[in-house]
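Below is one structure, written out as structure tokens; the observations come after it.
Note that the coordinates shown come from a computational prediction; the quantities given were computed from them, not determined experimentally. In what follows, every heavy atom counts, from backbone to side chain, and hydrogens, waters and symmetry copies are set aside. Per chain, numbering begins at 1; letters A, B, ... match sequence-line order.
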Amino acid sequence: MRPAFRLTDSTLRDGSHAIRHRFTAAQVRDVVTSLDAAGVPVIEVSHGDGLGGSSFNYGFSGTSEMDLLEVAVAARTDAKIAILMLPGIGIREDLRRAREIGADVARIATHCTEADISEQHLRLAKELGMETVGFLMMAHMITPDELLEQARKMASYGADCVYVVDSAGAMTIDDARARVATLKAELDCQVGVHAHNNLSLAVANSFAAFEEGADQIDGCTTGLGAGAGNCPTEILIAAMERSGIATGVDPLAVMDAAQDVVRPIQPEMGIIDRDGLLLGYAGVYGSFLLHAKRAAERYGVNVKDILLELGERGVVGGQEDMIIDVAVELERRADTARATHTAAASA
Amino acid sequence: MLRCAIVGPGNIGTDLLEKLVRSATLEPVAMVGVDPNSAGLARAKEHGIDASADGIDWLLARADDLDLVFEATSAWVYRQNAPRYADSGLTAVDLTPAKIGPLVVPPVNLGEHLDGRDLNLITCGGQATTPIVHAVSRVCEVPYAEIVSTVASVSAGPGTRQNIDEFTKTTSAALVEVGGAKHGKAIMVLNPADPPILMRNTVFCALPEGYDEEKVASSILEMVDEVASYVPGYRLKNPPVFETDLYETPGGTVPARVVALLEVEGAGDHFPPYAGNLDIMTASAVRVGEAIAAARSAEVPV
């Protein structure tokens, strides 16, 4: 039976956040080989923050993403290889290099209100003969109609598909449904959904998106991804098949890939602890989580306070530097409070 | 007084206009665009300045009356205009990221380029961060420098948006060529929060074994004061932060980094104060223009 939607597995891109961008060539080869064998049609490989993401701000790649991309292209037989890039972080040269290596799909990501910075990159990807996706991140922050306006821009630059991306894992089922429905009703191009599991709704939101006509759905095997993780590929596939929806992916093979190949890389993936849940609750960009945990430790402040303050400030994806800013300020505030307390006590 | 023209009546050009009107040594005499309905051109006329929507042909016909051209178009447009200014004997201060002339940051290398005919001001992020990288590299080796520039969405016009790759590439180059780092990387983020955020810049410098924390910190503080002397809203949001870890940077593995968390509040000339990114560009352009004016009046005894 023809698949009812197209799956993109982003374990080797979004999952990069969860292991601080330390994927090895052997891990990439094994993940690509097992997902490809299970029938996963598209596999994304990049630094978690997209091409060019290796940096102080987002974390340096253990192995260069271009080297990993070469391994992925060599390991696949049928699957397409996708890359992600965020204008402002990666540049067109990165995209050209990825194409030369053999990437087939270019996914160009912007904050949901900033679609017009993707024009140069979407057009170049088309010129290079790539399939294109416009990726509107943090899509919970604006209304479905506002999102549509941005999606239209990406479609006009040549996006074959525009994604509703729940980077903060903050969307309720109704939120996801309304955004996909609005885009589906008005756009000529395809519509996709990329869900995070901070509110434990990633699979449910992907189902809701599918019911509203989503053509493409993202998953990460075991959920390996930013924040509390993504929509777990093997669970999505199993649940879809149980619902009589053809996925084109072998459920048992993808379960094996999850258990035997991906789970060993990050055994704890899938737990939604307070910090992961808070991201969804406060609407904070998922990949901030591990950076915030590290800053909390370094400055002796509470990770919860950091995340809430980031939410308060309306910080968007890419502003990981503000985690240090917030942690330092919380530390200074605590020092001042202690000093005042001591002064009062001795007075 | 140097007689000045502004090419490009957009956000940057209009903000620059307001600053030039106040300058004691630079006199704005012409503003040029291509759209007759441009608000910037209308503003120039209100100031009694010749304004034309006929592009630089109109301007070049008057080249003999001009000393200095401030270019506030886009990298792509400037690449076409630059040779024509050179042919007409005009000195150009380029506010686009075209990177044709030498990269200039006033407190770092302006003195070296006062007789130049084509000076490039990098980008807003470059003006905000390169001085800090230089401040660190003058007291210790900087194997790698990285900056993150975040501006309010409403302050980024179409030129900036379509030139985002040029922004990151030109700024990265400046961190090395002017800042003195061995390797550089620049990141730009647009933030749509409402009310708009002030421009933020974060500078990370990799620090080698044996760095002197005291020296690095005081060099940064001195430099912040120097930039603030011509960009009054330029300041550190927090004192410089030193973080130790093993960082595998493109310039090698280092034991530490210094992080400077900067904020730029605009002077509120043409745009509200959140647009520190526009303000630092135009304030730097005025600083460069006034230094050229001072150098030329010193050369020519009256």
Practice prompt. Check each atom of Asn163(B) against the heavy atoms of chain A and say whether the ones under 4.5 Å are side chain, backbone, both or neither.
Written response: backbone

Discussion item. I'd like to know which of Gly314(A), Ser55(A), Gly59(A), Cys112(A) tops the heavy-atom pair count under 4.5 Å against chain B.
Written reply: Ser55(A)

Worksheet entry | Smallest separation among heavy atoms of Arg332(A) and Pro239(B), with atom names | NH1-CD, 3.6 Å

Worksheet entry | Gln162(B) vs Ile117(A) side-chain heavy atoms within contact, under 4.5 Å | no

Worksheet item: Does atom CD of Glu312(A) have more than 12 heavy-atom neighbours from other groups under 6.0 Å away?
Response: no

Discussion item. Closer than 4.0 angstrom, basic N to acidic O: yes or no for Asp245(B) and Arg294(A)?
Written reply: no

Fill in: chain A contact via Lys237(B) - which portion, at a heavy-atom distance below 4.5 Å
both

Worksheet entry | Largest heavy-atom contact set with chain B, pairs under 4.5 Å, which of Thr113(A), Ile89(A), Val328(A), Asp325(A) | Asp325(A)

Worksheet item: Do Val148(B) and Gln319(A) come close enough that some side-chain heavy atom pair is under 4.5 Å?
Response: no

Practice prompt. Without swapping roles, check the side chain of Arg298(A) against the backbone of Thr244(B) for a donor-acceptor pair under 3.5 Å.
Written response: yes

Worksheet item: Is the shortest side-chain N to carboxylate O distance from Asp321(A) to Arg200(B) below 4.0 Å?
Response: no

Discussion item. Just by distance, no angles: are the side chains of Glu146(B) and Tyr58(A) close enough, under 3.5 Å, to form a donor-acceptor pair?
Written reply: no

Worksheet, complete the sentence: Most heavy-atom pairs under 4.5 Å with chain A, out of Val189(B), Asn238(B), Val241(B), belong to Asn238(B)

Discussion item. Take a 6.0 Å sphere around CD of Glu100(A) and say whether it holds more than 12 heavy atoms from other residues, nucleotides or ligands.
Written reply: yes

Item to complete: Mind ranking Glu93(A), Met141(A), Gln120(A) by heavy-atom pairs under 4.5 Å with chain B and telling me who comes out on top?
Response: Gln120(A)

Worksheet item: Would you say Asp165(B)'s side chain and Arg92(A)'s backbone share a donor-acceptor pair under 3.5 angstrom?
Response: yes

Worksheet item: Would a line drawn from the ring center of Tyr247(B) to the ring center of Phe56(A) be shorter than 6.0 Å?
Response: yes

Worksheet item: Under a 4.5 Å heavy-atom cut-off, does chain A meet the side chain of Phe204(B), its backbone, both or neither?
Response: both

Worksheet item: How far apart are the closest heavy atoms of Pro192(B) and Val316(A), and which atoms are they?
Response: CD-CG1, 3.7 Å

Discussion item. Between Ala206(B) and chain A, with a heavy-atom cut-off of 4.5 Å, which part of the residue counts as in contact: side chain, backbone, both or neither?
Written reply: both

Worksheet item: For chain A, which of Val259(B), Ile197(B), Leu261(B) has the most heavy-atom pairs under 4.5 Å?
Response: Leu261(B)

Worksheet item: What's the spacing between Ile324(A) CD1 and Thr202(B) OG1 if we round to 0.5 Å?
Response: 7.5 Å

Practice prompt. Apply side chain to side chain contact (heavy atoms under 4.5 Å, CB included) to the pair Ile164(B) and His121(A), showing each step before the final yes or no.
Written response: CA-CA 10 Å; Ile164(B) 194 158; His121(A) 310 85; 3.8 Å; yes

Discussion item. For a 4.5 angstrom cut-off between non-hydrogen side-chain atoms, does His111(A) reach Leu190(B)?
Written reply: no

Worksheet entry | Separation of Phe60(A) CZ from Leu246(B) CG (nearest 0.5 Å) | 12.0 Å

Show me the side-chain donor-acceptor pairs of residues 63-70 of chain A shorter than 3.5 Å, one per line, residues at least two apart or across chains.
residue	atom	partner	partner atom	Å
Thr63(A)	OG1	Phe23(A)	O	3.4
Ser64(A)	OG	Met66(A)	N	3.2
Ser64(A)	OG	Asp67(A)	N	3.2
Glu65(A)	OE1	His47(A)	N	2.9
Glu65(A)	OE2	Gly52(A)	N	2.6
Glu70(A)	OE2	Arg97(A)	NH2	3.4

Worksheet, complete the sentence: When the 4.5 angstrom heavy-atom criterion is applied to Ser54(A) and chain B, the contacting part is backbone

Discussion item. Any carboxylate oxygen within less than 4.0 angstrom of a Lys/Arg side-chain nitrogen, looking at Glu248(B) and Arg22(A)?
Written reply: yes

Worksheet item: Thr249(B) versus chain A, heavy atoms under 4.5 Å apart: side chain, backbone, both or neither?
Response: both

Worksheet item: Taking C-beta and beyond as the side chain, do Arg161(B) and Glu119(A) meet within less than 4.5 Å on heavy atoms?
Response: no

Worksheet item: Among Thr168(B), Thr150(B), Asn191(B), which residue forms the greatest number of heavy-atom pairs with chain A at distances under 4.5 Å?
Response: Asn191(B)

